[in-house]
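One structure below.
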There are 2 protein chains.
Amino acid sequence: MTGETYSIGELAKATGAKVETIRYYERIGLLPAPARTDGNYRSYTPAQLGRLSFIRRARDLGFSIGQVRALLGLSDQRDRSCEAVDAIAREHLDEVDRRIADLQALRRELGSVIDQCGCGTIAECRIIEALSPG
Amino acid sequence: MTGETYSIGELAKATGAKVETIRYYERIGLLPAPARTDGNYRSYTPAQLGRLSFIRRARDLGFSIGQVRALLGLSDQRDRSCEAVDAIAREHLDEVDRRIADLQALRRELGSVIDQCGCGTIAECRIIEALSPG
DNA sequence: TATGGACCCTGTAGCCGCTACAGGGTCAAG
DNA sequence: CTTGACCCTGTAGCGGCTACAGGGTCCATA
């Protein structure tokens, strides 16, 4: 057993999460409440550092807090099939694909509006015109 | 002069905005407060319908509320050069491009994580592994 | 004239995922 | 013994709505 512990600041540095974010994760029950020192400081174990790293990576991959919660739950049941994990990941992938498609459609529309601008006065501005009704 | 007026519900139907959203826009000063009927109902003019349509189209194109506010302000100064309009639109386009690029990078990473999954048990799941530290 | 239902009103709280205070306590170095 | 970096709790704010609760108004029908 390593007796190593970390303060919240050290945990933040190690994982790249902000101190406030770590406390937020604790508040919403994503990260279990750690032990406290005599001075009431949070004191984290290496296992908790690992858990936060997991959370960070999942968040960086765009998983929602709810999905992260589910993934964390699954990651503890080592004997189960990882189908559920796969399902969550694929669902998220689909969502990302949808968002990309939406943004690309938006980009096309926006681009074509901008291309029309001859940059004269507002009165003849095609961008304003494109937005205006009638 | 048309004496035509609209209730908030009619305005909502005509523009596709929700009633609550219209009230919200009024609250934040995006849409000016309309006249009221004897029964204290909001009563909108065609010009106000036009303004809301403008807002909706700009929002649909992904402009932020702040940008919409700026565009609305500019659209009233008909003699000014439309450079400022163009600048706002291009800035937004750049932002959209950045978001697309970010999502595409994310998509690649997520895709490669998912591809590794052999769908056995959680213990050997590559997705969980990819998220786990160490 | 009464009643029902569709509409409208205000005000407030919730969503997500943090972020930013304010107003204090703790701890180690000099 | 003071300074300054860190930590604590609690609350409010961001954007852009959305969703109530608890009422008022208006119009058609019985």
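Every heavy atom of this structure was used, including side-chain atoms; hydrogens, water molecules and symmetry mates were not. Protein chains get the first letters and strands the later ones, always in sequence-line order, with residue 1 at the start of each.
- The distance between atom OH of B/Tyr6 and atom P of C/dC8, rounded to the nearest whole Å, is 15 Å.
- Atom CD1 in A/Ile22 sits about 13 Å away from atom P in D/dT9, given to the nearest Å.
- Contact check, B/Tyr25 against D/dC17: a side-chain N or O comes under 4.0 Å of OP1 or OP2.
- Sequence order on DNA chain C of the closest nucleotides to B/Lys13 and A/Asp38 puts B/Lys13 first from the 5' end.
- Contact between the side-chain N/O atoms of A/Arg36 and the OP1/OP2 oxygens of D/dC7 is not found at any separation under 4.0 Å.
- B/Ile28 comes within 4.0 angstrom of no nucleic acid atom, judged by non-hydrogen atoms across all strands.
- Taking only side-chain atoms of B/Asn40, from C-beta outward, the nucleotide of C/dC18, D/dC7, C/dC9 with the closest atom is C/dC9.
- Listed pair B/Ser7 / C/dC8 meets the phosphate criterion, a side-chain N or O lying under 4.0 Å from OP1 or OP2.
- Across the protein-nucleic acid pair, B/Phe63 atom CZ and D/dG16 atom P stand 13 Å apart, rounded to whole Å.
- Taking every heavy atom of both residues into account, A/Glu129 and A/Glu124 meet most closely at OE1-O, 4.4 Å.
- A/Glu10 has no carboxylate O lying under 4.0 Å from a charged side-chain N of A/Lys13, or vice versa, which leaves the two without a salt bridge.
- Between the CD atom of A/Glu26 and the P atom of C/dC18 there is a distance of 15 Å, rounded to whole Å.
- In this model, the phosphate group of D/dG15 is not approached by any side-chain N or O of B/Ser64 to a distance below 4.0 Å at OP1 or OP2.
- The pair B/Arg90-B/Asp86 meets the salt-bridge criterion, since a charged nitrogen lies less than 4.0 angstrom from a carboxylate oxygen.
- Heavy atoms only, all atoms of each residue included: B/Phe54 and A/Ile128 are closest at CE1-O, 4.0 Å.
- Contact annotation: A/Arg42 side-chain N/O to D/dC8 OP1/OP2 distance is under 4.0 Å.
- One can find a donor-acceptor pair under 3.5 Å joining the base of C/dG25 and the side-chain atoms of A/Tyr41.
- Between B/Glu20 atom CD and C/dG14 atom P there is a gap of 17 Å when expressed in whole angstrom units.
- Side-chain nitrogen and oxygen atoms of B/Arg23 include none within less than 4.0 Å of the OP1 or OP2 phosphate oxygen of C/dT10.
- Distance, B/Glu10 CD to D/dC26 P: 14 Å, rounded to whole Å.
- The side chain of B/Ile65 sits closest to D/dG16 out of C/dT19, D/dG16, C/dC9.
- Heavy-atom distances to DNA chain D give each of A/Ser43 and A/Arg27 a nearest nucleotide, and the one nearer the 5′ end belongs to A/Ser43.
- Within the 4.0 Å cut-off from OP1 or OP2 of C/dG17, not a single side-chain nitrogen or oxygen of A/Arg69 is found.
- The separation between A/Lys18 atom NZ and D/dC6 atom C1' is 17 Å, rounded to whole Å.
- Of the charged side-chain nitrogens involved, none lies within less than 4.0 Å of a carboxylate oxygen, so that B/Glu20 and B/Arg23 do not count as a salt-bridged pair.
- Counting to the nearest Å, the C1' atom of D/dG15 and the CZ atom of B/Arg99 are 12 Å from each other.
- Using a cut-off of 4.0 Å between Lys/Arg side-chain N and Asp/Glu carboxylate O, B/Arg42 and B/Glu26 are scored as salt-bridged.
- Side-chain N/O atoms of B/Thr21 include one lying less than 4.0 angstrom from OP1 or OP2 on D/dT18.
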